[in-house]
Structures are given as C-alpha cells and as structure tokens.
Amino acid sequence: MGGVMGSIYYITKAIKDEKQHSPHQINSTSIRSTLSKKKRRREKQISMQSLLNSNPNFVSIQFNKTSSFRRKNDFITTRISAKVDEFGLLQSDNLFQRNPAISTSYRNSKIPKPNQIVLDAQSRVCTGPTQTKPLNEEQARKVLNTILKSVSGELKEEDEVSKAQLGAFFAAMTIRASSFPESTQWSEGEKRAMSSMWPLLVQVLPPDVIFIANPTGTIMGGSNSIGAQYYGNGNSERRMVSALREVLRGGHLECEDVKGVLRDVLPLEEGKSGVRDSLLSAFLIGQRMNRETDSELEGYCLAFDDELVRACYGESCLLHGVDWMPPKGGITEEQMLNFVGANTHLNPLQAKILLEDEDVGFTYLSQREARPSLFSLVTLRDHIKKRPPLATTEKVQQLVRASGREAILAGFYHEGYEDPLLMLMRRRGVHSGLVIKGEEGALSMTTRERPLLASKGLPVNYCSGFRASNHPSAFELNGVSHECFSLEVNAKDYGFESSDTPRTDRSVTTNIKLGLAALHGEKGPAYDRIVLNAGLVDHLLGCDGAEDIQTALDRARAAIDSGKALSKIMNYIKISHKVKEKIS
C-alpha cells in the first residue's frame with residue numbers, strides 16, 4: 001500500500017500549482033504501432049479485464065462477444081474507459097510475462113537462489129550489536145556442515161552455498177567475536193560447533209573466506225596464518241582487503257576510503273575479473289553490522305555521483321526505485337507503472353524532458369538505468385540477506401538536479417537512520433529535506449490511529465526534517481537559512497477518520513485499483529492517505545502555497561477532485577514512450 005500511495009502522492013503534487021485550463025487534447029495513437037489494430041484491441045481488453053475486475057467499489061467492466069465494453073457503472077466507468085481508449089493504456093510487454101497478483105513474480109529468474117539453511121542463519125547473525133540472535137550448537141553445526149558439504153562439492157548445484165553467503169556469514173561471525181557485546185557474541189554452542197568443524201573447514205575453504213573468518217589467525221585458535229598473510233589479487237582486491245581488516249575488527253572507514261573501494265569494484269559484470277563476491281559481501285554486511293558512521297554513509301552516497309543532469313523546472317517531482325529488490329521483494333512503484341503501460345526504461349536526460357513538460361511534470365527513474373553500478377548488486381544483496389549501507393544511501397541519490405528550489409523526501413523504519421538520512425540530504429545542498437517513518441519503511445504516512453500498546457521507539461508517522469526559513473533561530477547551510485523540525489502526525493488532528501491500511505497481499509493489481517479509484521475522487525482510506533501525504537509533505541517542506549496546513553490539504557483534494565491528477569498520470573504513461581522515441 002505504501003507503494004501506490006507514494007507514487008500517486010508525487011503525481012498529485014506535480015499538478016497542484018498548475019494554472020486552471022482545459023487539459024491538452026492528445027490524439028489517440030498506438031504505442032506499439034507494429035501490432036495490428038485487432039491485436040492491439042484484444043490486448044487492451046485482456047489487460048483491462050485483469051486490472052479492473054469485479055470489485056464493486058471500483059468499477060465493473062465486462063466484454064461481450066463483439067469485444068466491446070459493456071459498462072455497468074456510472075460516469076466514473078466511462079471516464080476510465082475513455083482514458084484507456086485515448087492513450088492505449090496497459091500494453092506493457094511485462095504484463096504477459098509476469099503474474100500481476102504477487103510482487104515476488106518480479107524476481108529475476110536468472111538470479112540463483114541462496115542456500116536456505118545458511119540464509120536462515122544469516123537472518124539471525126548478520127545484524128546489529130543488540131539485534132543479533134546467537135545460534136545454538138545444533139543450529140551452528142547444521143550451518144557449518146552445510147558449508148562443508150557445499151565447498152567439498154557434495155551438494156547439488158542449486159543447493160550450493162554461494163560465495164556471497166560465505167562472505168556474509170563468516171564476516172558476521174568474526175565481527176561478533178571481535179567487537180560485539182557479550183550477549184551477542186558467540187554462544188557456547190557456537191564455540192563448540194566451530195571448534196570441532198573449523199579443522200575440517202580450513203582444509204577446503206578458499207583463502208579469501210579463511211581471511212574473512214580468521215583475519216588475524218587468532219579467532220579460531222591454532223597457528224593458521226592464512227588470514228593474517230592474505231592480501232588479495234590486484235590493486236582493487238588489495239584495497240578491499242585493507243579496508244576489510246578494519247571493518248572485521250569493528251572499526252570504521254573515512255568517506256574517501258568507502259568511495260575508493262566502491263568505485264574500484266562496481267559495476268559487477270559477468271566475466272569481469274574484479275573483487276571476489278565473498279570479500280564484497282563481507283564488506284557490505286560488515287559495515288551495516290558496525291552501524292555506519294556519517295562519514296561512511298556519505299561515501300556510499302557520493303560514490304556514484306558522476307552522472308548528474310541539471311534541469312530547470314517548477315514544482316515537479318521525480319520518483320526513483322527498482323522493479324524488485326531483496327530482502328523483502330515487496331510491491332514497488334516500478335511494478336505498478338510497468339503494469340499500467342508506462343515506460344520505466346528512461347535515462348536521466350529523458351527524465352529531465354518529462355519534468356519540464358507542462359503536461360506531465362513527473363517522472364520515474366529506475367536504478368537499472370540511472371545507477372547501473374548500484375543495480376549490479378541485486379544478486380549479491382539477495383544472498384547477504386540483510387540490508388547493506390546502500391539501502392540507506394540509495395534513497396538520497398540525486399539523479400536529476402534542479403537549478404532552483406529543491407527538496408528530497410525519503411522513508412525509513414529502523415530508528416537511528418533518520419538523522420543520517422537528513423545529514424545526506426543537507427550534503428546534497430537541497431533547500432528542504434524530510435524523512436517519514438512509514439509502515440515498513442514506506443515514504444507515506446498512514447491514517448491509522450496509533451495503538452495504545454504501541455512498541456517502543458519512534459512511532460509510525462514520525463516526521464523529521466529541515467526547510468528554508470527566515471526564522472531568527474534558523475541556521476545557515478550552503479548560503480540558505482534552515483530550520484529543523486520533528487513531530488508525530490496524527491491524521492485525526494487534520495479531520496481524517498482513523499482507518500486501517502487496506503490489505504493488498506502483495507497484489508500489484510489491487511494497489512492499482514485502490515489508487516485509480518482514489519484519483520477518480522472515490523472517498524475512502526486510499527483517498528484520505530493521498531490527500532494527507534500530499535498536503536502535509538508540502539507544508540513540512542515549506543512549499544509555496546502550503547504555508548497553511550488546511551490550505552495545503554484543500555489544494556490536494558482539488559487536484560484529485562478536478563481530475564487533473566488522473567490526467568497527469570495518463571499523460572505520463574503516454575509521453576514516457578514518446579520521449580524514448582525522441583531521444584533514441
């Protein structure tokens with residue numbers, strides 16, 4: 001649900017300051033002109049049946065034998081159908097290759113699956129100093145025996161423990177032994193299991209993994225010196241090994257060190273001789289376990305800043321993400337935009353054109369196109385189980401830069417990352433920045449009332465940020481005066497009824513239905529969440545015309561009720577294909 005609310009919030013925000021005039025008329029043309037008219041019409045009908053089924057609260061459309069629409073609802077149905085006919089919607093190639101019912105179907109089939117036994121252990125030990133859950137002796141022996149069999153070639157290829165898993169698991173064990181508090185260091189069971197299994201493992205593990213597991217030669221006991229004398233092959237690996245020695249003992253790196261390591265090894269390319277997966281996964285998970293410093297996060301954030309595009313536009317919005325990302329693999333904006341026929345393969349230059357287009361003012365950039373170096377890590381991230389530091393810093397990538405006023409919005413869930421995110425936003429030199437603790441880390445606030453027995457820590461709907469201000473208490477940064485703020489948003493304070501987040505069960509189509517129904521002005525939880533987020537975020541970021549909260553909320557409602565928000569997303573779907581043709 002967070003995905004559709006986030007993407008539709010951006011569509012709504014992009015049109016709120018638009019001058020009052022009739023929408024431009026765009027002639028109906030086929031996006032895929034090579035198809036016959038009959039085939040195009042049939043695909044459109046199949047797609048609409050899949051998207052708009054029998055949900056009585058939304059719309060019910062049936063098809064008769066002559067392939068014409070039999071509309072059973074009112075004017076809303078007619079408007080949807082007219083827009084679909086006008087723009088040739090819902091003709092994405094991926095529509096017929098993937099199951100729209102579940103988001104996990106977007107996982108690339110070429111990504112090898114990790115060994116589940118070791119992955120389960122990683123979920124327990126590859127985490128922070130207080131969250132780690134030590135294994136008992138039976139669990140530890142099972143994991144170590146699985147690794148021994150895999151490295152010895154006794155497991156089927158599909159059951160093998162990957163190099164990335166070996167790096168992540170043994171890095172976690174080393175860091176726990178070196179620097180974690182007593183309660184999350186090795187359990188007695190882990191010590192007994194490792195004591196009996198290590199003499200067997202050291203005979204078959206490659207030198208890079210032995211280095212990760214025993215970098216000083218003292219953790220496992222005995223006189224083995226392989227780890228202490230390991231330096232890697234080539235300049236890139238030598239730099240990585242040097243950095244890893246610090247990470248594996250619980251230490252931290254400078255910003256330039258992090259940038260240097262990442263720029264050396266990325267993008268990962270098949271057949272390219274670079275740093276071993278074991279070393280890179282150990283580096284990524286190790287820094288997350290040590291809780292990254294501001295300097296390290298800055299290095300992750302700035303390591304990929306070599307492709308910025310400058311643009312000059314008004315209050316336009318850019319959304320960026322991926323089609324699928326581990327470890328949770330939930331619904332993403334790209335999945336939904338892809339499903340309704342938008343072109344999600346734009347580069348930053350093409351995005352700039354859409355942002356400047358008065359009929360659109362919104363665009364989506366996939367990490368696949370905008371930051372291929374980051375995207376090349378998807379398989380590795382699937383095998384290290386836990387989120388690496390990049391999961392924080394990729395939210396603050398500045399893929400298109402404005403010459404005027406600029407703001408960044410990001411979501412978070414785990415307490416402790418709100419301040420580093422805002423630090424990175426300030427480092428970007430933007431005028432305003434806002435982080436929201438959404439449900440499961442989404443970037444949207446909920447209208448659900450906070451439970452009386454809520455868990456400790458920051459509540460959902462907690463917001464923190466900074467904005468340009470002339471207030472006497474404001475501080476100056478990059479020549480602009482800023483004021484900081486933090487608050488917990490209670491939707492009831494702004495006239496919204498408390499409502500639970502609609503269950504979508506990872507269904508892309510359900511999310512789309514809820515969003516489109518809201519854009520047609522259908523009142524309910526989805527409509528309220530869009531209005532709440534569009535109005536409150538504009539107000540908190542200090543956007544022009546949103547100084548008063550109620551005015552900002554009313555402006556958001558008007559954008560939806562007038563039909564402008566729907567027209568914007570329809571225009572975006574259509575023109576996203578045209579701009580691709582224009583550039584190419």
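Quick caveat: nothing in here was measured; it's all calculated off a predicted structure. Excluded from the calculations below are hydrogen atoms, water molecules and symmetry mates; all remaining heavy atoms, backbone and side chain alike, are included.
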- Message: Distance check, rounded to the nearest 0.5 Å: D561 atom CG versus Y527 atom OH?
- Response: 3.5 Å
- Hey, is the main chain of E254 close enough, under 3.5 Å, to the side chain of S295 for a donor-acceptor pair? no
- Pair R401 + E406, salt bridge at N-O below 4.0 Å: no
- Could you tell me which non-hydrogen atom of I549 sits nearest to which non-hydrogen atom of L536, and how far apart they are? CG2-CD2, 4.1 Å
- Item | Shortest non-hydrogen contact from K437 toward P459 | CD-O, 3.5 Å
- Query: Any side-chain heavy atom of V430 within less than 4.5 Å of one from Q398?
  - Reply: yes
- Report yes if some heavy atom in the side chain of E296 is under 4.5 Å from a heavy atom in the side chain of C255; otherwise report no. no
- Query: Just wondering, do Y417 and L422 contact through their side chains at under 4.5 Å, heavy atoms?
  - Reply: no
- Query: Can you list the steps and then say if L487 with F485 is a side chain to side chain contact (heavy atoms under 4.5 Å, CB included)?
  - Reply: CA-CA 7 Å; L487 71 157; F485 59 87; 4.0 Å; yes
- Considering all heavy atoms, the nearest R448-D500 contact: CD-OD1, 3.5 Å
- Task: List the steps and the verdict of side chain to side chain contact (heavy atoms under 4.5 Å, CB included) for N533 and L443.
- Result: CA-CA 9 Å; N533 282 276; L443 55 73; over 6 Å; no
- Message: If we ignore hydrogens and angles and just use 3.5 Å, is the side chain of E415 paired with the main-chain N or O of L458 as donor and acceptor?
- Response: yes
- Item | Worked check of side chain to side chain contact (heavy atoms under 4.5 Å, CB included) between E394 and R371 | CA-CA 9 Å; E394 65 193 354; R371 287 289 183 269; over 6 Å; no
- State which residues pass side chain to side chain contact (heavy atoms under 4.5 Å, CB included) with S376; sequence neighbours excluded, sorted by chain then number. L266, P267, L268
- Which residues share a side chain to side chain contact (heavy atoms under 4.5 Å, CB included) with S432, sequence neighbours left out: R405, A407, R467, L541
- With a 4.5 Å heavy-atom cut-off, do T363 and Y572 have their side chains touching? yes
- Might you point out which heavy atoms bring R368 and F375 nearest each other, and give the distance in Å? CA-CG, 3.6 Å
- Task: Let me see the working for V531 and F496 under side chain to side chain contact (heavy atoms under 4.5 Å, CB included), right down to the final yes or no.
- Result: CA-CA 10 Å; V531 171; F496 295 94; 3.9 Å; yes
- Task: Determine yes or no for a side-chain-to-main-chain donor-acceptor pair under 3.5 angstrom, with E356 supplying the side chain and I353 the backbone.
- Result: no
- Task: Compare all side-chain heavy atoms of H520 with those of L566 and state whether any distance is below 4.5 angstrom.
- Result: yes
- Would you please test S366 and E334 for side-chain hydrogen bond (donor to acceptor under 3.5 Å, both in side chains) and show each step? CA-CA 7 Å; S366 174; E334 184 167 331; 2.9 Å; yes
- Item | For E256, all residues meeting side chain to side chain contact (heavy atoms under 4.5 Å, CB included), sequence neighbours excluded | K259
- Is any side-chain heavy atom of L421 less than 4.5 Å from a side-chain heavy atom of L297? no
- Query: Would a 4.5 Å heavy-atom cut-off, applied to side chains only, mark S444 and R529 as touching?
  - Reply: yes
- A565 and I560: which non-hydrogen atoms are nearest, and at how many Å? CB-CA, 4.3 Å
- Task: Without swapping roles, check the side chain of R381 against the backbone of R387 for a donor-acceptor pair under 3.5 Å.
- Result: no
- Message: Please determine whether side-chain hydrogen bond (donor to acceptor under 3.5 Å, both in side chains) holds for the pair S507 and T509, giving the CA-CA distance in whole Å, both sets of side-chain angles, and the decisive distance to 0.1 Å.
- Response: CA-CA 5 Å; S507 169; T509 52; 3.0 Å; yes
- Query: Any cation-pi pair here, K568 with F362, using under 6.0 Å and within 45°?
  - Reply: no
- Value rounded to 0.5 Å, distance of CG in L409 from CG in D538: 10.0 Å
- Measure the NZ-SG distance between K395 and C301 for me, rounded to the nearest 0.5 Å. 12.5 Å
- Message: Using side-chain heavy atoms (C-beta onward) and a distance below 4.5 Å, is T447 in contact with K492?
- Response: no
- Task: For R288 and T127, run side-chain hydrogen bond (donor to acceptor under 3.5 Å, both in side chains): C-alpha distance rounded to whole Å, both residues' side-chain angles, the deciding distance at 0.1 Å, then the answer.
- Result: CA-CA 7 Å; R288 173 50 63 101; T127 185; over 6 Å; no
- Counting only N and O atoms by type, is there a donor-acceptor contact under 3.5 Å from the side chain of H252 to the main-chain atoms of E292? no
- Atom pair CG (D357) and CG (N571), whose distance is rounded to the nearest 0.5 Å: 8.0 Å
- Side chain N461, main chain M445, donor-acceptor under 3.5 Å: no
- Message: Within this structure, what is the CD-CG distance for the pair Q397 and L302, rounded to the nearest 0.5 Å?
- Response: 8.5 Å
- Test applied, side-chain contact (heavy atoms from CB on, under 4.5 Å); reference residue, Y364; option that passes from N338, L318, L354, L337: L337
- Message: Looking at E547, I'd like to know if its CD atom is crowded, meaning that more than 12 non-hydrogen atoms belonging to other residues, nucleotides or ligands lie closer than 6.0 Å.
- Response: yes
- Query: Do the side chain of Q335 and the main chain of D323 share a donor and acceptor less than 3.5 angstrom apart?
  - Reply: yes
- Query: Do other residues, nucleotides or ligands put more than 12 heavy atoms under 6.0 Å from the CD atom of E488?
  - Reply: yes
- Lys/Arg N to Asp/Glu carboxylate O, D528 vs K523, below 4.0 Å: no
- Rounding to 0.5 Å, atoms NE2 (H577) and CG (L346) come to a distance of 8.5 Å
- Item | Considering all heavy atoms, the nearest V258-Q287 contact | CG2-OE1, 4.0 Å
